[in-house]
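As a basis for the values below, the full set of heavy atoms in this structure was taken, side chains included, without hydrogen atoms, waters or symmetry mates.
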Amino acid sequence: MDNKIFTGCIPALMTPCNADRSPDFDALVQRGRELIAEGMSAVVYCGSMGDWPLLTDSQRQEGVTRLVEAGIPTIVGTGAVNTASATAHAAHAARVGAQGLMVIPRVLSRGSSVAAQRAHFESILNAAPEIPAIIYNSPYYGFATRADLFFELRAKHSNMVGFKEFGGAADMRYAAENITSKDGDLILMIGVDTQVYHGFVNCGAKGAITGVGNALPKEVLHLVALSEKAAAGDPEARVKARQLDDALHVLSTFDEGPDLVLYYKHLMVLEGHANYATHFNETDALTDSQRKYLEQQHRLFRDWYAAWAR
């Protein structure tokens, strides 16, 4: 099955809010179009960046429908507390014509059980057998999909085409060594902004899902392009990719923490997107110190990039 939808650079869209804290789907679609115009290859909705735990199932599915109807290549997150909801999201993605699925582990109930996760994954994959899918592996979900389970699923589901790793450098290398290097039909995706260079250059990744790229698409696309050239053996690109990766490091590390959406929505505001100032929960807010630190780091990066990229 074709895995092209998982190549290139793909932002995990955040869900903008109206003043009454309801989802602003018009703004969601507008940002999706803007990011594709910038050079992104597709979008993800709803991963953790999209605040999936804070949306109803109908709201999530409306967002997917609106993106697909707008002609935006869309990968759908299937995160859910129970298998029935996750399966319904996969079936809906198939009905409306989404192009990819992120198969996210079952959380809370029996989350550490391999048997429970196997059944959960299979239910999702069976609901949308014509849509290419990747496992979303993340330590934050409390379950690590290892090679034996991955290949057990792949033997039964031809739509299982790859692996998205949200862990650190060691996790990325594990996925490359033990899963995605087995044959050319499997794809490794970078799932966290701190691992872009490492994933492309050292692990053979072919795609990256980005959080910070929502606000800094030009710069993240530049990093991906340099990393791809470095992976092909270009020594100058290797040096420049590492410089840019280092300069982005602090902004990228926000992707690893529990306040990632709060940080990146404020980064969107700093970049001129005022409709990202509101959160679904009124009490969800950066502290004054967090906000000022982000603003300092944003200024530092902007000044550096303007001089470096001349």
Any idea which heavy atoms bring [X] and [Y] closest together, and the distance?
{"X": "F200", "Y": "A208", "result": "CE1-CB, 4.0 Å"}
{"X": "A230", "Y": "R238", "result": "CB-CA, 3.5 Å"}
{"X": "I5", "Y": "P132", "result": "CG2-CG, 4.1 Å"}
{"X": "I36", "Y": "P73", "result": "CD1-CD, 4.2 Å"}

I'd like to know if the side chain of [X] reaches the main chain of [Y], judged simply by a donor and an acceptor atom lying under 3.5 Å from each other, with no hydrogens or angles considered.
{"X": "H157", "Y": "L125", "value": "no"}
{"X": "T15", "Y": "G50", "value": "yes"}
{"X": "Q117", "Y": "S112", "value": "no"}
{"X": "T7", "Y": "G207", "value": "no"}
{"X": "N126", "Y": "S123", "value": "no"}
{"X": "N18", "Y": "D20", "value": "no"}

Exercise answer: donor-acceptor pairs, residues 134-141 side-chain atoms, under 3.5 Å, sequence neighbours excluded:
from, atom 1, to, atom 2, distance (Å)
N137, OD1, T145, N, 2.7
N137, ND2, E165, OE1, 2.9
S138, OG, Y140, N, 3.1
Y140, OH, E256, O, 2.3
Y141, OH, W52, NE1, 3.4

Partners passing salt bridge (Lys or Arg N to Asp or Glu O under 4.0 Å) against E38 (at least two apart in sequence or in another chain):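 E38 satisfies salt bridge (Lys or Arg N to Asp or Glu O under 4.0 Å) with no other residue.
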For R60, all residues meeting salt bridge (Lys or Arg N to Asp or Glu O under 4.0 Å), sequence neighbours excluded: none
Report yes if the side chains of [X] and [Y] come closer than 4.5 Å at any heavy-atom pair, otherwise no.
{"X": "P23", "Y": "L28", "answer": "no"}
{"X": "L188", "Y": "K206", "answer": "no"}
{"X": "V103", "Y": "L153", "answer": "no"}
{"X": "F6", "Y": "S41", "answer": "no"}
{"X": "K182", "Y": "F151", "answer": "yes"}
{"X": "F254", "Y": "D193", "answer": "no"}
{"X": "Y263", "Y": "Q290", "answer": "yes"}
{"X": "L55", "Y": "F280", "answer": "yes"}

Can you give each donor-acceptor pair under 3.5 Å made by side-chain atoms of residues 244-253, sequence neighbours left out, with the distance rounded to 0.1 Å?
from, atom 1, to, atom 2, distance (Å)
S252, OG, L248, O, 3.0
T253, OG1, V250, O, 2.6

Short N-O contact, R302 and E271, less than 4.0 angstrom: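 Counted as a salt bridge, because a side-chain N and a carboxylate O are separated by less than 4.0 Å.
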Residues K292, E295: salt bridge by 4.0 Å N-O rule: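 No, K292 and E295 are not salt-bridged.
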For residues 303-310, run the donor-acceptor check on the side chains, cut-off 3.5 Å, and write out each pair with its distance to 0.1 Å, sequence neighbours left out.
from, atom 1, to, atom 2, distance (Å)
Y305, OH, H222, ND1, 2.8
W308, NE1, Q243, OE1, 2.8

Pairwise distance CZ(R242) to CG(L223) - rounded to 0.5 angstrom: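 Reported value, rounded in 0.5 Å steps: 12.0 Å.
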In terms of hydrophobic clusters joined by side-chain contacts under 4.5 Å, are [X] and [Y] together?
{"X": "V76", "Y": "L13", "result": "yes"}
{"X": "Y45", "Y": "M40", "result": "yes"}
{"X": "V220", "Y": "I10", "result": "no"}

Salt bridge (charged side-chain N to carboxylate O under 4.0 Å, His left out) pairs, two or more places apart, involving residues 116-139: R118-E152, E122-K156
Within 45° cone and under 6.0 Å: R110 NZ/CZ vs F143 ring: no
Stepwise side-chain hydrogen bond (donor to acceptor under 3.5 Å, both in side chains) check, S58 with T56: CA-CA 5 Å; S58 62; T56 67; 3.1 Å; yes
Neighbour count >12 (heavy atoms, 6.0 Å) for atom CZ, R291: yes
